[in-house]
Protein chains: 4
Amino acid sequence: MTTTRKDNGRPRADARTGSSGGARRRAKGSTALASERREHLVKLAAELFAEKGYQATTVRNIADEAGILSGSLYHHFDSKESIVDEILTSFFDELATANQAALAKGGDPREVLSELVRICFGTLIPHRAAIMVLQNDWNYLKQFDRFDYLAKAEGETERLWVGQIERGQETGLFREDIDPKLTYRMIRDTIWVTVRWFQPEGRLDAEGLADHYIKVLFDGISRHR
Amino acid sequence: MTTTRKDNGRPRADARTGSSGGARRRAKGSTALASERREHLVKLAAELFAEKGYQATTVRNIADEAGILSGSLYHHFDSKESIVDEILTSFFDELATANQAALAKGGDPREVLSELVRICFGTLIPHRAAIMVLQNDWNYLKQFDRFDYLAKAEGETERLWVGQIERGQETGLFREDIDPKLTYRMIRDTIWVTVRWFQPEGRLDAEGLADHYIKVLFDGISRHR
Amino acid sequence: MTTTRKDNGRPRADARTGSSGGARRRAKGSTALASERREHLVKLAAELFAEKGYQATTVRNIADEAGILSGSLYHHFDSKESIVDEILTSFFDELATANQAALAKGGDPREVLSELVRICFGTLIPHRAAIMVLQNDWNYLKQFDRFDYLAKAEGETERLWVGQIERGQETGLFREDIDPKLTYRMIRDTIWVTVRWFQPEGRLDAEGLADHYIKVLFDGISRHR
Amino acid sequence: MTTTRKDNGRPRADARTGSSGGARRRAKGSTALASERREHLVKLAAELFAEKGYQATTVRNIADEAGILSGSLYHHFDSKESIVDEILTSFFDELATANQAALAKGGDPREVLSELVRICFGTLIPHRAAIMVLQNDWNYLKQFDRFDYLAKAEGETERLWVGQIERGQETGLFREDIDPKLTYRMIRDTIWVTVRWFQPEGRLDAEGLADHYIKVLFDGISRHR
DNA sequence: CATGAATGAGGTTTCATTCAT
DNA sequence: AATGAATGAAACCTCATTCAT
């Protein structure tokens with residue numbers, strides 16, 4: 001996972017070259033340093049993608065930011081797509097891991113759901129770019145086979161959430177008159193979409209946001225006696 | 001408002017065109033028919049923008065869909081921007097009008113807010129494209145001075161909603177421990193973002209969605225007593 | 001066959017666009033003129049391909065020759081590949097037709113073979129570029145699925161020739177101790193490869209070349225009795 | 001000839017390097033081993049050139065095949081050109097030597113010509129790559145001054161062959177009604193071009209091919225009484 | 001002897017837009 | 001109202017080559 005790679009770990013559908021492709025080894029020394037440079041570039045790209053959008057960010061923009069020529073980027077990455085892929089993969093991997101942990105920890109559905117919400121809000125700062133890209137450019141990216149895995153990952157997450165909501169209904173914790181799937185989607189969207197206006201330096205930090213949302217989510221905005 | 005126009009009625013801060021571009025409108029013959037053709041083209045463009053995104057949709061895509069050549073589109077529109085402008089303006093105009101009406105009708109904050117929510121969900125179908133563009137491409141479009149008016153309109157809407165929430169808190173209808181502005185944003189985002197997955201033919205129609213959401217919004221997902 | 005087209009008549013494997021692609025009609029008036037311009041460009045490209053090779057010729061080279069910008073070429077053609085495709089298709093179509101005609105005319109194998117040889121030499125001038133490209137760049141072009149049809153066409157031609165040689169052996173006209181397939185290949189290559197040095201203005205024209213070759217082919221270079 | 005060299009022994013008309021590049025050779029330690037490594041690399045490159053063509057083969061392809069990075073190739077070679085140069089030189093040197101030997105051996109023109117033909121076919125396997133490159137990429141390579149020597153070498157070979165054919169006509173061995181130069185070219189091309197489809201493991205080996213061709217060449221494909 | 005990073009030039013292609021007809 | 005040709009800028013990407021380490 002931390003080796004120097006150009007193909008982002010996923011198999012490429014590179015039909016044209018065909019022929020040999022035999023010798024692409026590399027395993028030597030400076031993996032760590034190479035990775036550092038690479039990660040730096042990814043970070044620069046991520047910021048630009050978040051700011052201007054994936055499509056509107058040119059590879060020259062990225063290269064300029066890094067102080068190199070656009071062609072030089074291709075020493076580190078296969079393509080513009082593979083940069084964004086790396087950003088998204090990193091996000092999804094971390095999210096999946098955290099979700100699994102929350103589930104493993106156990107607790108009643110309300111506790112689990114709270115934890116899941118907190119996890120989501122918790123990614124807002126470290127994975128701001130990934131979430132921004134997903135919000136703004138997913139519609140564009142989804143057309144490429146390369147990103148099919150994202151839809152799959154989202155499907156699994158949905159199952160996880162919906163499962164908890166249903167369990168909550170069965171155990172009498174949650175109202176019966178809400179649709180689990182619909183509710184999940186609204187929760188999900190409500191959280192992620194905050195990335196558009198959320199400012200870490202603002203009045204509320206991510207945790208504060210989470211608390212606020214959990215409050216509203218479970219009990220609504222009405223005053224209950 | 002219904003004349004054949006190329007400049008979309010709004011003054012543009014388009015430095016490039018300089019001073020000459022002022023008087024390009026026409027007043028010729030079949031205004032009505034021309035307008036019809038124009039609206040048809042806008043509708044085609046809207047669908048494409050919604051499907052593929054504004055940036056990813058080329059003027060050729062639009063022209064192809066209309067069965068004409070891309071250059072011919074410029075008979076009807078100044079630019080690609082002015083097409084999307086038209087789509088967005090139409091949406092915002094209608095929304096503002098409806099909002100004003102809801103306010104004028106009066107009622108307690110809970111009733112007004114319910115109505116505002118219903119209005120939002122009500123635009124999901126007729127203005128699907130505009131909302132989709134706003135969700136996916138706003139980050140890109142906002143960089144152009146031309147679309148500054150959208151941010152302004154949004155600001156006004158915010159004031160309107162926040163006002164109602166605050167009134168609800170003052171009159172004891174809503175909890176004191178929620179942040180009005182934050183709450184507004186979450187409501188707003190939650191509603192609009194549904195455009196991404198909402199399918200009119202699905203289990204729930206827009207009205208059903210609205211009912212569901214209002215339920216959760218006011219009372220949360222927890223079972224009370 | 002003579003309509004204005006960008007896709008060269010063959011289906012493209014354009015997976016990415018997917019979506020709509022509905023309206024690419026065109027059937028109107030100036031087909032003839034459009035075709036003229038297009039054919040002119042093809043001719044310019046053909047000359048360059050013949051002179052410098054397909055790979056070494058840039059679309060900018062072609063555009064320069066035509067006095068336009070490289071991007072403008074894409075108003076007429078899908079891609080550089082489709083230009084060369086057009087050149088090759090035109091050659092193969094004509095050759096296949098002529099071959100069929102020669103076969104239909106009948107005659108003993110020696111007569112038919114003579115005619116086939118003459119046909120090949122006859123294409124040397126009008127289809128110089130296509131033959132040159134086939135000689136020099138086929139190894140490169142064959143890797144693209146798009147050109148699979150060329151290999152198929154060549155296979156059919158081979159069957160045709162080999163059939164005649166075998167018939168010649170059966171009827172006692174040709175020696176039994178030659179391999180029909182091998183012989184065909186040598187004849188074929190010997191003819192086409194002349195395109196590298198053949199000069200229409202030289203001592204021998206294409207017909208002279210053909211006569212000379214037929215002489216050697218049937219009776220060898222030895223003096224017989 | 002066997003020293004480690006980067007400039008391939010031949011003076012380059014390479015204006016770019018200017019005056020400095022003259023003294024870059026090395027005379028250090030393991031000349032023999034270095035030479036071995038070098039030859040190995042040339043062989044790898046040769047295979048790729050033969051398979052994909054010179055232009056289409058990138059230095060990265062070659063480096064990949066060798067399991068090193070593309071930049072590392074420049075430790076062994078001046079440039080991509082000097083690699084192919086080495087391949088071609090080796091072929092031409094060997095061919096010239098063999099041709100001289102055939103001439104020195106003497107015999108009547110038919111015997112000499114047979115031997116020359118056999119020599120050509122004999123290079124098909126050991127110098128497959130060189131011949132392939134000459135067939136496919138000569139048109140491209142000839143534009144560089146560096147390869148002028150190839151045209152010169154070919155000129156000498158032509159004189160040699162044509163001389164034998166003319167001698168054969170004078171001595172009554174060959175028909176008078178064939179053009180010596182034309183005939184030479186056809187023989188030459190017919191032989192070399194087989195490299196495109198010749199498979200050592202196929203029905204006929206190189207010698208078999210030579211026999212077949214010599215048969216047809218001298219006596220034609222017709223049955224003579 | 002090799003790496004890893006970068007250069008710089010140039011490649012094909014895209015696309016909003018213009019304009020004479 | 002539309003065509004068809006072209007522009008011009010810019011996009012992504014490739015690749016031979018250089019060079020400090």
Side-chain angles (χ1 to χ4, degrees), chain A residues 4 26 28-31 33-34 37-38 41 55-63 66-81, chain B residues 16 26 28-30 33-34 37-38 55-63 66-81, chain C residues 4 26 28-31 33-34 37-38 41 55-63 66-81, chain D residues 16-17 26 28-30 33-34 37 55-63 66-81:
Chain A
T4 303
R26 198 94 12 96
K28 265 218 0 181
S30 51
T31 307
L33 266 83
R37 180 86 181 111
R38 186 190 171 86
L41 293 171
Q55 289 178 84
T57 301
T58 69
V59 294
R60 258 213 274 274
N61 289 154
I62 303 171
I68 58 177
L69 292 178
S70 71
S72 305
L73 272 181
Y74 289 80
H75 179 61
H76 302 278
F77 305 98
D78 257 17
S79 64
K80 194 185 167 191
E81 273 178 35
Chain B
R16 263 189 325 193
R26 225 152 311 116
K28 273 208 345 187
S30 50
L33 262 82
R37 181 94 178 100
R38 186 190 168 83
Q55 289 178 83
T57 301
T58 69
V59 295
R60 188 129 84 193
N61 289 153
I62 303 170
I68 60 178
L69 291 182
S70 67
S72 307
L73 272 182
Y74 288 80
H75 233 279
H76 303 279
F77 306 96
D78 249 20
S79 64
K80 194 185 167 191
E81 273 176 35
Chain C
T4 303
R26 198 95 14 93
K28 268 218 358 181
S30 50
T31 308
L33 265 82
R37 181 84 180 111
R38 186 190 171 85
L41 292 172
Q55 289 178 84
T57 300
T58 69
V59 294
R60 261 208 275 270
N61 290 153
I62 303 171
I68 59 178
L69 292 179
S70 70
S72 305
L73 272 182
Y74 288 79
H75 179 62
H76 302 278
F77 306 96
D78 255 17
S79 64
K80 193 183 166 190
E81 272 177 36
Chain D
R16 265 191 319 193
T17 53
R26 226 152 308 117
K28 272 209 343 187
S30 51
L33 262 82
R37 181 96 179 98
Q55 289 178 84
T57 301
T58 69
V59 294
R60 199 143 62 205
N61 289 153
I62 303 170
I68 59 178
L69 291 181
S70 67
S72 306
L73 271 181
Y74 288 79
H75 234 280
H76 303 278
F77 306 97
D78 251 21
S79 65
K80 193 183 167 190
E81 273 177 34

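To find a chain, count down the sequence lines: A is the first, B the second, and so on, and within it residues start at 1.
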Which residue lies more 5' along DNA chain F, comparing V59(A) with A56(D) via nearest heavy atoms
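The residue whose closest nucleotide sits nearer the 5' end is V59(A).
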Between [options], which nucleotide has the shortest distance from any of its atoms to the side chain of [X]?
X	options	answer
H75(C)	dT17(E), dC13(F), dA5(F)	dA5(F)
Y74(B)	dA2(E), dA16(E), dT14(E)	dA16(E)
R37(A)	dA5(E), dA2(F), dC13(F)	dA5(E)
S79(D)	dA2(E), dA2(F), dT17(F)	dT17(F)
R60(A)	dT17(F), dT12(E), dA11(F)	dA11(F)

Residue pair V59(C), F77(C): steps toward the side chain to side chain contact (heavy atoms under 4.5 Å, CB included) verdict:
CA-CA 11 Å; V59(C) 294; F77(C) 306 96; over 6 Å; no
Tell me: [atom1] of [X] to [atom2] of [N], nearest whole Å?
X	N	atom1	atom2	result
L69(C)	dT18(E)	CG	C1'	14 Å
I62(D)	dC15(F)	CD1	P	12 Å
F77(A)	dA5(E)	CZ	P	11 Å
I68(B)	dG4(F)	CD1	P	12 Å
K80(D)	dT18(F)	NZ	C1'	17 Å
N61(D)	dA16(F)	CG	C1'	12 Å
Q55(A)	dC12(F)	CD	C1'	14 Å
L73(A)	dC12(F)	CG	C1'	11 Å

Side-chain contact, heavy-atom cut-off 4.5 Å: I62(C) with L41(C)?
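Counting from C-beta outward, I62(C) and L41(C) never come under 4.5 Å.
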With both distances under 3.5 angstrom, what nucleotide forms a Watson-Crick or G-U wobble pair with [N]?
N	result
dT14(E)	dA9(F)
dA1(F)	none
dA6(E)	dT17(F)

Distance below 4.0 Å between H76(C) side-chain N/O and dG4(F) OP1 or OP2:
no
Reported NZ-to-OG1 distance for the pair K80(A) and T58(A), which is rounded to 0.5 angstrom:
7.0 Å
So CG of L73(D) and OG of S79(D): to nearest 0.5 Å the spacing works out to 11.0 Å
For S72(D), which contact category applies under a 4.0 Å heavy-atom criterion: base, sugar-phosphate, or nothing?
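Base contact.
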Please give me the minimum heavy-atom distance between A66(C) and R37(C), naming the atom from each residue.
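For A66(C) and R37(C), the tightest heavy-atom pair comes out as O-NH2, 4.3 Å.
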For G71(D) and S70(C), find the nucleotide of DNA chain E closest to each by heavy atoms; which residue's nucleotide sits nearer the 5' end?
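Per heavy-atom nearest nucleotide, the more 5' residue is G71(D).
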